[in-house]
Amino acid sequence: MSHPEAPPAEAAAETTEPPVRPVAPSWRTRLGASALSGASLVFALAITVKAHLHFMLPFATPVSNDEGYISAFAMRMIDGRWLPYVDAVSQRGPILYWVTAAVMRLAGRFSWLPIRGLALSISLLLVLGCYLLARALFTPLAGGLAALFVTYFLSYELNPWDGVGLNGEGMAMVFALGSMLAVSRVMLGDDAPRVQRRLTVASGALIALAGLSKQMALAHAAPSVLWLALGRVDDDRGFKTRMRAVGAFVAGALAPYALVLGLYAATGHLREFVYYYQRYGRDIFMAPVTVTAYREKLREQIDKYFLGIAGVGSLATLYLGQTLSRTLRGPGGLGRWRREAPRYFAVAQMAFGALGACFTGRFFPHYFVQLFPVAAVVAGAAGASMLEAEGDAGTVDRPRGWLAQNIAGLVAVLGAMALLTVSASALDRVVRFRRDTDRWYQDPRADAIVRYVIEKTAPSDLIFVWGFRAETHVSSGRRPASRFVYSVYPAGVVPWFQATRDEEEQRQVPGARQQLLDDLESNRPELVIDAGRSMNGRYMYNYPVLRTYLDRNYCFMRYVDGEPIYRRRHGANCPPADY
């Protein structure tokens, strides 16, 4: 039997193609991209500082009533046992309140500068986090563009109330971006396996801290878990081995929760933590959200922000389509998906950020602080991909002309800087105009109710503020007399849904009104400010059990800025009203 003759070694060598390797960028290309990227970051940080300085100079001021209750919450913790949901009540994550209380304890309770400084620090960390994440996943230019995009979103696209203000979403996204960076280092870096395991555990712990700042930030864990399960480009391990990395991530995420739950269990307040961290949102906060209500709210937001939604959504959709095209053209198997995993990871984080922001059906603009940082990363990557030639492995090939590529990047960066400069000028004009008309832009000590409180009470006196006017505490330098610095819980109000009084009675937190009365009787605040106009017109005096307490222990003094104020009765007769 004859066998085919084997080809000579020389012929085999001639017909075998050498392996294709991505070409590293030249030093000139790297230098140009790094210079543009660094300049973008510095400019973005400077613009962020400029936006925040409007509310720090010539005087520090709150920018929202959310900051009012967060600061009053922190004041209660400083004087209490440092236990959120026990010393003071709200439903956001405890990390937000612990960090705020620590900053106010160190920098001062009766000034808005600590709050403004904390809000500025969070904004700067978000800009830096977006820059580092886009750079780690993609290229330096993508990082620079991401920093510019997120600065525009937070400092100018959103009102100061939502983008500049201190809130749980911003603090949560600082931790979430840190978690994403750690996962990116694990999946793209060349660290030793031991270091990778530690980074994976740290990534899980960071996403847990995000969820303990704002619950919906936990949504950002899902893309990280999927990427860890998919594996690295060079990963030849089996599925079970890759799942150990997922297990390390989950273990890291469980550790902070175990510590927090252990703290509350040890102090006998585990029930309060579970109720306000999870059950209140499920049973009461979400109670008015029907399919019809959700649809109407969603339609309202689309009508209001159509251009922004269309722009960001189209960019992300086109980028995802480009990524799918690259994937399907590549060699088969898991490798094709692993090579494009950074792109899928960024788009998935944007999708889950949108899910978290929209889940509750409120569509409050500050909820979208959870979305905008990862949207900025996708926008930065999409912009850079249009300006840079990319190799199969996602590295920048040697450009046909490095000067042409750098000029294209320079034009894009300068255009984004010009847009931010125009936006900064617009904010300057808005602030100057509103200094005369909007109390959020004015000296907080000039507020009529704050002036009255300062005039009629001593610094050692406690006050109670019903409604959404808790900023009165820091502005007047008077501590809160009750854990209910945010009055929806005893009132049964769910912002901002209209409801009948019977519905609100069913939505009050069980036992909350009695807890409020116990607080008032124990601390005996000198003044009660019944700011019901700020809370859907639901005044404290409208509730029979609270009205009885006020009639027995307090005397009506006068209306200030349209809100009734009561003084503690110190004898049988009331002092004369001070109209």
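The structure presented is a predicted model; accordingly, all values stated were derived computationally and were not measured.
When each of Tyr486, Tyr97, Trp98 is checked for a ring pair (Phe, Tyr, Trp, His ring centres under 6.0 Å) with Phe73, only Tyr97 meets the rule.
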Starting from the C-alpha separation in whole Å, work towards a yes-or-no answer on side chain to side chain contact (heavy atoms under 4.5 Å, CB included) for Thr48 and Leu154. CA-CA 9 Å; Thr48 299; Leu154 297 184; over 6 Å; no
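Between the side chain of Arg116 and the backbone N or O of His52, no donor-acceptor pair lies under 3.5 Å. Proximity of a side-chain donor or acceptor of Arg435 to a complementary backbone N or O of Tyr441 within less than 3.5 Å is detected. Using a distance-only test at 3.5 Å, with no hydrogens or angles considered, a donor-acceptor pair links the side chain of Gln215 to the main chain of Tyr277. A donor-acceptor distance shorter than 3.5 angstrom exists from the side chain of Trp466 to the backbone of Arg538, with no hydrogens or angles considered. Remark: side-chain polar atoms of Asn159 are not paired, donor with acceptor, to backbone N or O of Trp161 under 3.5 angstrom. With hydrogens and angles disregarded, no donor-acceptor distance shorter than 3.5 Å links the side chain of Ser203 to the backbone of Leu199. Between the side chain of Asn167 and the backbone N or O of Glu169 there is no donor-acceptor pair closer than 3.5 Å. Side-chain N or O atoms of Ser155 include none that pairs as donor or acceptor with a backbone N or O of Tyr152 at under 3.5 Å. No donor-acceptor distance shorter than 3.5 angstrom exists from the side chain of Glu67 to the backbone of Ile115, with no hydrogens or angles considered. In this structure a side-chain-to-backbone donor-acceptor pair under 3.5 Å is present from Arg533 to Asp561.
To the nearest 0.5 Å, the span separating OH on Tyr69 from CZ on Arg92 amounts to 3.5 Å. Note: Lys297 NZ to Cys358 SG = 13.0 Å, rounded to the nearest 0.5 Å. Between atom CE of residue Met417 and atom CG of residue Leu148 there is a gap of 6.0 Å, rounded to the nearest 0.5 Å. To the nearest 0.5 angstrom, Leu118 atom CG is 11.5 Å from Ser71 atom OG. Phe372 contributes atom CZ, which lies 12.5 Å from atom CG of Leu126 (distance to the nearest 0.5 angstrom). We find the CE-OG distance between Met173 and Ser123 to be 13.0 Å, quoted to the nearest 0.5 Å.
Looking only at atom types and distance, the side chain of Ser184 has no donor-acceptor partner in the side chain of Trp227 under 3.5 Å away.
For the pair Gln322/Arg343, a side-chain contact is recorded, criterion being any heavy-atom separation below 4.5 Å from C-beta on. Within the 4.5 Å cutoff, the side chain of Asn65 has no heavy atoms near those of the Ser534 side chain. No side-chain heavy atom of Asp443 sits less than 4.5 Å from a side-chain heavy atom of Thr61. Within the 4.5 Å cutoff, no side-chain heavy atoms of Phe55 are placed close to those of Pro62. Side-chain contact check for Ser179 versus His220: every heavy-atom pair is 4.5 Å or farther apart. Within the 4.5 Å cutoff, side-chain heavy atoms of Arg469 are placed close to those of Glu471. Put simply, the side chain of Trp440 does not reach to within 4.5 Å of the side chain of Arg434, judged on heavy atoms. Two residues are said to be in side-chain contact when any heavy atoms from C-beta on lie closer than 4.5 Å; Met75 and Pro480 meet this criterion.
Residue Phe59 places its CZ atom among more than 12 non-hydrogen atoms of other residues, nucleotides or ligands, all under 6.0 Å distant. Surrounding CG of Asp190 are at most 12 heavy atoms belonging to other residues, nucleotides or ligands under 6.0 Å away.
In this structure, Ala44 and Val127 approach most closely via the heavy-atom pair CB-CG1, 3.9 Å. Gly165 and Val63 make their closest contact through CA-CG2, 3.4 Å (heavy atoms, listed as atom of the first residue, atom of the second, distance). Across every non-hydrogen atom of Tyr131 and Gly144, the tightest pair is CD1-N, 3.7 Å. When all heavy atoms of Val493 and Met535 are compared, the closest pair comes out as CG1-CG, 4.2 Å. Across all their heavy atoms, Ala470 and Val465 have their closest contact at N-CG1, 4.4 Å.
Partners of Leu298 under the side-chain contact (heavy atoms from CB on, under 4.5 Å) rule, at least two apart in sequence or in another chain, are Tyr294, Ile302, Phe363. Residues satisfying the side-chain contact (heavy atoms from CB on, under 4.5 Å) criterion with Ala222, sequence neighbours excluded, are Phe352.
Ring orientation note: the planes of Tyr344 and Trp337 are tilted relative to one another, at an angle of 30° to 60°.
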